[in-house]
Amino acid sequence: MTARVVVLVSGTGTLLQALLDASDHDFDIVAVISDQPDALALERAQGAGVATAVLAPSSCASRDDWDLALADLVGAHNPDLIVCAGFMRVLGPGFLSEFPDRIINSHPALLPSFPGAHGVRDAIAYGVGVTGCTVHVVDGGVDTGPILAQRAVEVLQGDDESSLHERIKVEERLLLVDIVRRLSVGGIRITGRRVTFT
Ligand code: GAR
């Protein structure tokens, strides 16, 4: 059976594009939802004939209302898997409780180092020689959920945030497609923080 995948985005959407390009009999991107009305990722989805929706935080009376409205929007597509691909908002309990262990996120650093919105900038500022990307299960914290897979990327002399982020995203796209495919054809067991693919 083809897994139904909903992707949450906020920006450019190159990770989304990699997923759109890779979708096949294992998984199908059934909807793309953004918190930003002008996200380029929405155009990518529309170009691929995928349903889109926008849920701006300002359209809801409270943070909790936004979580519940997002859960409704996503749930309407009966997803097997929800992928945060460049989605820059923290999901609250009203959303997370609807889809336990079915939400994953891609982050541009080797967690638990450099969580948050500026993982690439923070890694450069710290002076690390190696950083990378992490795909993890989403829990109630900021980039704290159990790790599914990681890839390392060397920081080069003269790198700035943009050049390093572009090289990280090359690895990130490959990693995310691989993990979405693995979760589409199999499952996971989470024991403490450790994840086993089943
Ligand atoms: C990716 O590097 C993703 O890990 C990052 O935004 C980029 C999106 O790229 N997400 C975060 O930093 C979330 N904390 P894209 O818009 O080209 O897919």
Side-chain angles (χ1 to χ4, degrees), residues 3-24 26-60 63 65-92 94-96 98-99 102-109 111 115-121 133-139 142-143 145 148-149 151 161-162 165-166 168-181 183-184:
R4 297 174 61 79
V5 178
V6 170
V7 183
L8 305 182
V9 296
S10 298
T12 312
T14 67
L15 302 186
L16 167 69
Q17 189 68 57
L19 291 170
L20 290 168
D21 293 346
S23 63
D24 58 6
D26 289 338
F27 67 90
D28 190 24
I29 310 299
V30 294
V32 171
I33 300 173
S34 176
D35 61 327
Q36 302 291 329
D38 53 357
L40 180 58
L42 291 168
E43 288 177 33
R44 294 179 186 272
Q46 285 152 9
V50 172
T52 60
V54 175
L55 186 66
S58 57
S59 67
C60 296
R63 175 61 213 267
D65 284 357
W66 180 83
D67 273 320
L68 295 175
L70 185 64
D72 279 349
L73 262 182
V74 171
H77 294 281
N78 285 319
D80 298 300
L81 185 64
I82 298 154
V83 179
C84 300
F87 186 62
M88 302 307 282
R89 297 193 68 81
V90 175
L91 296 164
F95 185 87
L96 297 176
E98 285 294 314
F99 311 102
R102 275 194 286 157
I103 313 165
I104 66 171
N105 177 50
S106 185
H107 181 73
L111 295 171
H118 304 292
V120 181
R121 187 192 305 174
C133 51
T134 303
V135 178
H136 65 93
V137 178
V138 174
D139 67 7
V142 177
D143 302 322
L148 291 158
R151 281 192 182 203
E161 184 178 359
S162 164
H165 200 172
E166 283 310 312
I168 290 172
K169 289 209 284 185
V170 171
E171 299 301 322
E172 211 178 345
R173 292 190 275 267
L174 296 170
L175 188 67
L176 185 60
V177 167
D178 180 49
I179 293 301
V180 167
R181 191 176 303 288
L183 296 182
S184 297

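These values consider heavy atoms only, across backbone and side chains, with no hydrogens, waters or symmetry-generated copies. Position 1 is the first residue of the sequence, and the numbers go up from there.
- Considering only heavy atoms from C-beta on, Val138 stays 4.5 Å or farther from Phe95 through its side chain.
- Smallest separation of non-hydrogen atoms from Cys84 and Phe87: CB-CB, 3.9 Å.
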**Report entry** Trace of the side chain to side chain contact (heavy atoms under 4.5 Å, CB included) decision for Val74 with Phe99
**Finding:** CA-CA 10 Å; Val74 171; Phe99 311 102; 3.9 Å; yes

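- Of the possible donor and acceptor atoms, none in the side chain of Ser34 sits under 3.5 Å from a partner among the backbone N and O of Ala39.
- Tested against Thr14, the residues Arg44, Glu172, Glu166, Arg173 include a single side chain to side chain donor-acceptor pair (under 3.5 Å) partner, Arg173.
- The shortest side-chain heavy-atom distance between Leu19 and Val177 falls under the 4.5 Å cut-off.
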Query raised in the report: How far apart are the C-alpha atoms of Ile104 and Val180, what are their side-chain angles, what is the distance that settles it, and do they pass the side chain to side chain contact (heavy atoms under 4.5 Å, CB included) test?
Result: CA-CA 9 Å; Ile104 66 171; Val180 167; 4.1 Å; yes

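- Two residues are said to be in side-chain contact when any heavy atoms from C-beta on lie closer than 4.5 Å; Pro79 and Val30 fail this criterion.
- Of the possible polar contacts, one joining the Asp143 side chain to the Gly116 backbone as a donor-acceptor pair under 3.5 Å is found.
- Between the SG atom in Cys133 and the CG atom in Leu175 there is a gap of 5.0 Å [rounded to 0.5 Å].
- Separation of atoms NZ (Lys169) and CG (Leu176) is listed at 12.0 Å; rounding is to 0.5 Å.
- Contact check for Arg181 versus Asp24: side-chain heavy atoms found under the 4.5 Å cut-off.
- The CZ atom of Arg102 lies 12.5 Å from the CG atom of Leu183; values are rounded to the nearest 0.5 Å.
- For the atom pair CD1 of Ile82 and CZ of Arg4, the computed distance is 12.0 Å after rounding to the nearest 0.5 Å.
- The structure places CG of Asp35 at 3.5 Å from OG of Ser10, a figure rounded to the nearest 0.5 Å.
- The CD1 atom of Ile179 sits 12.5 Å away from atom NE2 of His136, with the distance rounded to the nearest 0.5 Å.
- For the pair Leu70/Leu91, a side-chain contact is recorded, criterion being any heavy-atom separation below 4.5 Å from C-beta on.
- Between Val137 and Leu148, some side-chain heavy-atom pair lies under the 4.5 Å cut-off.
- Nearest heavy atoms, Ala117 versus Met88: O-CE, 3.8 Å.
- Counting heavy atoms from C-beta outward, Leu55 and Cys60 have side chains that approach closer than 4.5 Å.
- When side chains are defined from C-beta on, Val7 does not count as touching Leu15, because their heavy atoms never get closer than 4.5 Å.
- Heavy-atom minimum distance, Val54 versus Gln36: CG1-C, 4.2 Å.
- Of the possible donor and acceptor atoms, one in the side chain of Thr134 sits under 3.5 Å from a partner among the backbone N and O of Ala109.
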Query raised in the report: What's the verdict on side chain to side chain contact (heavy atoms under 4.5 Å, CB included) for Ser184 and Asp80, showing C-alpha distance, side-chain angles and the deciding distance?
Result: CA-CA 8 Å; Ser184 297; Asp80 298 300; over 6 Å; no

